[in-house]
Protein chains: 2
Amino acid sequence: MAAKRSGAGSKQSQRKTPSPPAGSEPRSEPALSLERIVATAIELLDTDGLDGLKMRRLADRLGAGAMSLYWHVGNKEQVFDLALDSVLEYRGPASIDASENWRGDVVHMLEDWRACMLRHPWSAFLLPRRALGPNILSRLELLSRTLSRAGVADADLNVAIWSLWNYVIGATTTRASFELSDADRAAAQQRLASLSEHYPTIERSRLLLDNDWDGAFSKGLDFLLDGLVPKL
Amino acid sequence: MAAKRSGAGSKQSQRKTPSPPAGSEPRSEPALSLERIVATAIELLDTDGLDGLKMRRLADRLGAGAMSLYWHVGNKEQVFDLALDSVLEYRGPASIDASENWRGDVVHMLEDWRACMLRHPWSAFLLPRRALGPNILSRLELLSRTLSRAGVADADLNVAIWSLWNYVIGATTTRASFELSDADRAAAQQRLASLSEHYPTIERSRLLLDNDWDGAFSKGLDFLLDGLVPKL
DNA sequence: AGTTTGCATCGTACAACGTACGAGTCAATC
DNA sequence: GATTGACTCGTACGTTGTACGATGCAAACT
């Protein structure tokens with residue numbers, strides 16, 4: 001019987017290694033592996049979005065049969081989970097605990113987080129729906145430590161973390177959804193103009209036409225941090 | 001030829017009305033209509049989630065053939081859009097512009113917004129992905145006016161609105177995804193415990209075990225408003 | 001040597017889905 | 001009576017995730 005290694009075991013074969021064609025034929029494809037599957041899935045997601053990832057296409061691009069994937073992965077959902085976590089790794093400044101500039105550290109990590117997700121817009125939609133992977137937990141852990149060191153009271157710590165989490169999630173999902181197509185943008189602009197009498201304040205402030213997403217993110221983040229850590 | 005009335009025309013038939021069986025047989029089902037379709041879609045979404053809405057099931061429940069829906073709706077996506085906007089209507093205090101308590105008004109509207117979405121958890125996932133419907137635009141318009149009246153500078157207005165938007169979106173999608181199943185919760189708890197050595201601060205603050213979502217939301221909102229409107 | 005074992009691949013097949021197409025019904029209009 | 005247009009729906013197609021079982025193949029064992 002075959003025992004499906006979709007569990008957390010992950011490590012490659014226990015034998016030596018099935019070894020690629022071992023020096024004989026240059027076999028066009030380098031053999032299936034979890035890493036290759038995830039990497040290719042990310043490529044596919046990047047170019048074709050959430051709906052563009054089909055098990056058959058993924059397998060095709062890997063030079064494998066569709067069902068071969070299921071030896072390495074339990075199901076399609078798991079591909080999503082792995083791709084998501086893979087994209088969220090943080091290589092921050094090494095010795096962040098020694099830093100004196102906690103606010104700079106927080107901002108850096110959060111802006112990097114946002115940048116990661118906007119490089120892979122599908123990830124923004126995935127993150128809030130699924131269990132937290134190791135990389136995102138690491139970011140939260142780092143955030144906890146830094147805020148704690150910055151003087152946020154233990155009683156307020158969770159609220160502060162969730163607030164920042166909410167802010168990042170909201171900002172990235174919103175941004176990612178507006179990025180979709182220029183046609184949509186044009187249509188929205190048109191539609192908004194025709195509704196300007198109903199929404200005068202929105203129209204006047206050009207809320208939906210403002211393109212400075214990056215600036216809005218960091219300014220809003222500043223305000224939020226002001227509220228969370230009032231004493232500067 | 002039949003001309004599909006899926007456009008914005010929306011209004012019912014131009015003739016008198018096809019009129020229900022007109023007094024003869026009590027025909028078990030009251031005839032298809034956009035309103036009935038949307039209402040039933042919401043029921044289905046509430047009980048079975050985003051993936052539970054299938055055109056065939058929806059039609060079944062309406063006592064109609066699957067393809068009959070497509071006279072009233074262009075496609076499934078449109079059902080989502082209509083259901084979403086339908087769920088977001090706000091009946092706030094009538095004369096809010098006269099209110100002296102702007103902060104109370106903002107908090108009230110945002111907490112109601114959140115409550116609406118958590119009553120229909122699928123809506124949280126839908127909102128950031130789709131074009132803004134009239135009901136959500138109304139909320140944003142109201143928010144704009146109130147903040148403006150509260151003294152937020154025009155230059156900061158958009159940032160403030162987007163910050164609040166981000167906060168609400170993030171909070172509701174996160175909350176909605178945790179609501180899914182008790183089995184998941186138990187599993188997560190288990191997994192977390194086994195990882196406590198890697199994430200000591202998270203573990204210590206019980207970040208992921210804290211169940212006071214409502215309290216966290218309103219406290220975080222307070223902090224955010226503090227930051228947005230520093231002068232009280 | 002032959003046999004067994006277990007990792008890994010993949011072809012076939014199926015059920016479920018969204019929806020294109022076109023035929024059908026029936027009341028209002030001409 | 002004929003025509004029109006709003007509305008309904010049965011059938012059918014293409015696409016999807018994946019269950020099942022056959023197959024290959026290298027290492028381990030006898």
Side-chain angles (χ1 to χ4, degrees), chain A residues 1-7 9-25 27-37 41 44 48-80, chain B residues 1-7 9-25 27-37 41 44 48-80:
Chain A
M1 68 195 89
K4 279 235 165 206
R5 82 124 152 75
S6 69
S10 63
K11 280 294 184 287
Q12 270 293 88
S13 164
Q14 230 58 14
R15 320 265 189 119
K16 279 278 186 43
T17 318
S19 86
S24 56
E25 308 155 21
R27 172 73 171 291
S28 61
E29 295 293 342
L32 233 35
S33 75
L34 238 196
E35 293 72 27
R36 245 166 52 81
I37 290 176
L44 229 41
D48 302 323
L50 269 184
D51 296 335
L53 181 61
K54 319 280 162 86
M55 295 306 268
R56 282 177 235 255
R57 294 224 307 152
L58 180 53
D60 269 6
R61 197 170 278 210
L62 286 161
M67 291 312 293
S68 305
L69 301 178
Y70 287 89
W71 175 258
H72 304 269
V73 203
N75 51 35
K76 189 182 176 181
E77 300 274 286
Q78 204 176 106
V79 178
F80 281 130
Chain B
M1 67 195 90
K4 278 232 165 208
R5 83 123 152 74
S6 69
S10 63
K11 281 294 185 288
Q12 269 294 86
S13 165
Q14 230 58 13
R15 319 268 188 117
K16 280 276 186 45
T17 318
S19 86
S24 56
E25 307 157 21
R27 172 74 169 292
S28 61
E29 293 293 342
L32 233 34
S33 76
L34 239 196
E35 292 72 27
R36 245 167 49 82
I37 290 176
L44 228 41
D48 301 324
L50 270 184
D51 296 336
L53 181 61
K54 320 279 163 86
M55 295 305 267
R56 283 177 235 253
R57 293 226 306 153
L58 180 52
D60 270 4
R61 196 171 279 210
L62 286 161
M67 291 312 292
S68 305
L69 300 179
Y70 287 89
W71 176 259
H72 304 268
V73 200
N75 50 36
K76 190 183 176 181
E77 300 274 285
Q78 204 175 107
V79 178
F80 281 130

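Chain naming here is simple, since letters A, B, ... match the order of the sequence lines and numbering starts at 1 in each. Everything quoted here is computed from the prediction, not taken from an experiment.
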Novice: Assign each of Leu69(A) and Arg56(A) to its nearest nucleotide of DNA chain C by heavy atoms, then name whichever residue's nucleotide is nearer the 5' end.
Specialist: Leu69(A)

Novice: From the list dT9(C), dG17(D), dG18(C), which nucleotide is the closest neighbour of the side chain of Lys76(A)?
Specialist: dG17(D)

Novice: At less than 4.0 Å, is any side-chain N or O atom of Ser68(B) found next to OP1 or OP2 of dC9(D)? Yes or no.
Specialist: yes

Novice: Figure out the CZ/P separation between Arg36(A) and dA8(C), and round it to whole Å.
Specialist: 14 Å

Novice: Report the distance from atom CE of Met55(B) to atom P of dT16(D), rounded to the nearest whole Å.
Specialist: 19 Å

Novice: Within this structure, what is the CE-to-C1' distance between Met67(B) and dT25(C), rounded to whole angstrom?
Specialist: 17 Å

Novice: Rounding to a whole Å, what distance do you find between Trp71(B):CH2 and dT25(C):C1'?
Specialist: 13 Å

Novice: To the nearest Å, how far apart are Ile37(A) CD1 and dT9(C) C1'?
Specialist: 12 Å

Novice: A side-chain contact here means heavy atoms from C-beta on lying under 4.5 Å apart; do Asp48(B) and Leu53(B) qualify?
Specialist: no

Novice: Side chains of Trp71(A) and Leu32(A): does their closest heavy-atom pair fall under 4.5 Å?
Specialist: no

Novice: Could you pull out the closest heavy-atom pair between Ala66(A) and Ala59(A), with the gap in Å?
Specialist: CA-CB, 3.4 Å

Novice: Over how many whole Å does the gap from Leu32(A) atom CG to dC10(C) atom P extend?
Specialist: 7 Å

Novice: I'd like to check Leu69(B) versus Val79(B) (side-chain heavy atoms, cut-off strictly below 4.5 Å). Are they in contact?
Specialist: no

Novice: Return the angle between end axes of the helix from dA1(C)-dT30(D) to dC30(C)-dG1(D), with five pairs used per end and rounding to 10°.
Specialist: 30°

Novice: Has Asn75(B) got a side-chain atom pairing as donor or acceptor with Gln78(B)'s backbone, closer than 3.5 angstrom?
Specialist: yes

Novice: Give the minimum heavy-atom separation between Arg36(B) and Ala31(B), together with the two atoms involved.
Specialist: NE-O, 2.9 Å

Novice: Using atom NZ of Lys54(A) as one end and atom C1' of dT18(D) as the other, report the distance to the nearest whole Å.
Specialist: 15 Å

Novice: To the nearest angstrom, how far is His72(A) atom NE2 from dC10(C) atom C1'?
Specialist: 12 Å

Novice: Heavy atoms only: give me the nearest Val73(A)-Ile37(A) pair and the separation to one decimal.
Specialist: CG2-CD1, 4.2 Å

